[in-house]
Protein chains: 2
Amino acid sequence: METAQIRTAIAALAAEMAAHGHDRDDPAREVMGLLGDRWSTLILLVLATGEWRHAELRRTLAQLSAEQAISQRVLTLKLRTLERDGFVFRKISADVPPRVSYGLTPLGRDLHGEARRLIDWINARAPAIRTARASFDSAED
Amino acid sequence: METAQIRTAIAALAAEMAAHGHDRDDPAREVMGLLGDRWSTLILLVLATGEWRHAELRRTLAQLSAEQAISQRVLTLKLRTLERDGFVFRKISADVPPRVSYGLTPLGRDLHGEARRLIDWINARAPAIRTARASFDSAED
DNA sequence: CTGGATCCAGTTTGATACTG
DNA sequence: CAGTATCAAACTGGATCCAG
């Protein structure tokens, strides 16, 4: 690109970002970071099936994950973050002892659907990505 | 959920993941992590406009980001990762001195489109998310 | 200009133990 | 059972210097 073109391109990009509602404290960056972390998308997947108690959810995540189990502490942290953004609700029963359950809000259900679409798209391209990686890795000597 | 229901739910989730092509080394987790990091989606946005040289790209990213500029080192790292997965190409001219340009492959162009859809969805819900956060933060005493 | 090498700081995740 | 506190480990991003 030439200097004048770059200036034009930057202006166009800035305008496009503005038109899509980007501004400096928009939550897109943070939510994308959340979806990109180690556990949140899997938590959404499980909670999409109904309401789960903390310990149940923890055991289930361990079953579904190829890697090691989520720690109690990290599960609490992730649920708090999802709850704060309005994607997950936390319900405490009046029983003795009280039962704490988690589930998806309507917004969380929609988020899960949208994220799922992207994840499925990536999985569908997994062969192409693996091929690209193999080619890159073998070319670097 | 009751114990039997949990068993059923886990089985259903595992089957669903398998049906969607999940397996333990699928790249979805890594690509989502990439899209959730600090710079990759912005890099895709800029590269979607054409071919850019390293230094041009770095300056442009600085213009578009509210935060501080990307470091030279991190830009190289991010471009390498995107290139390895087949989303970005790297072209070296035969000139002296050689010019190095980066751009999107067809796969990268598609990824950008898919990711953009999710980001736009989140931005469209930004008011709801901000409201949820304010309510959560004020309720926690 | 591109980008590798070092060194460093902040954040995220995990292990363990403890409280109500 | 749910959640917190503390400590340790790993990872990410950044600053600086240097080489082709």
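Atom set for the values below is all heavy atoms of this structure, side chains included, hydrogens, waters and symmetry mates excluded. The chains referred to below are lettered A, B, ... by the order of the sequence lines, with proteins before strands, and numbering in each begins at 1. Please read these numbers as outputs of a predicted model, since none were measured by experiment.
Following rounding to the nearest Å, B/R59 (CZ) and C/dT2 (C1') show an atom-to-atom distance of 12 Å. The interatomic distance linking B/L79 (CG) with C/dG3 (C1') rounds to 11 Å, in whole Å. Whole-Å rounding puts the A/R53 CZ to D/dC1 C1' distance at 6 Å. Look at CZ on A/R29: it is 15 Å from P on D/dT12, rounded to the nearest Å. Straight-line distance from the CG atom of B/L75 to the P atom of C/dG4: 11 Å, rounded to whole Å. In this structure, CZ of B/R58 is placed 11 Å from C1' of C/dG3, rounded to the nearest angstrom.
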Subject >> Nucleotide-resolved protein contact map, nucleotides 11-20 of chain C, B/S/- at heavy-atom distance under 4.0 Å >> reply: --BBB-B---
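Under 4.0 angstrom from either OP1 or OP2 of C/dC1 there lies no side-chain N or O belonging to B/Y102.
Salt bridge annotation for A/K78-A/D37: present, with a cationic side-chain nitrogen under 4.0 angstrom from a carboxylate oxygen. Taking a cutoff of 4.0 Å between a charged side-chain nitrogen and a carboxylate oxygen, A/R99 and A/E51 do not qualify as a salt bridge. Salt-bridge annotation for B/R117 and B/E114: present, with a side-chain N of the basic residue lying under 4.0 Å from a carboxylate O of the acidic one.
Between B/E56 atom CD and B/S101 atom OG the span is 7.5 Å, to the nearest 0.5 Å. To the nearest 0.5 Å, the span separating CG on A/L64 from CD1 on A/I43 amounts to 11.5 Å. Separation of atoms CG (B/L13) and OG1 (B/T8) is listed at 11.0 Å; rounding is to 0.5 Å.
Residue A/R80 is in sugar-phosphate contact alone, with no base atom involved, counting any heavy-atom pair closer than 4.0 Å across all strands shown.
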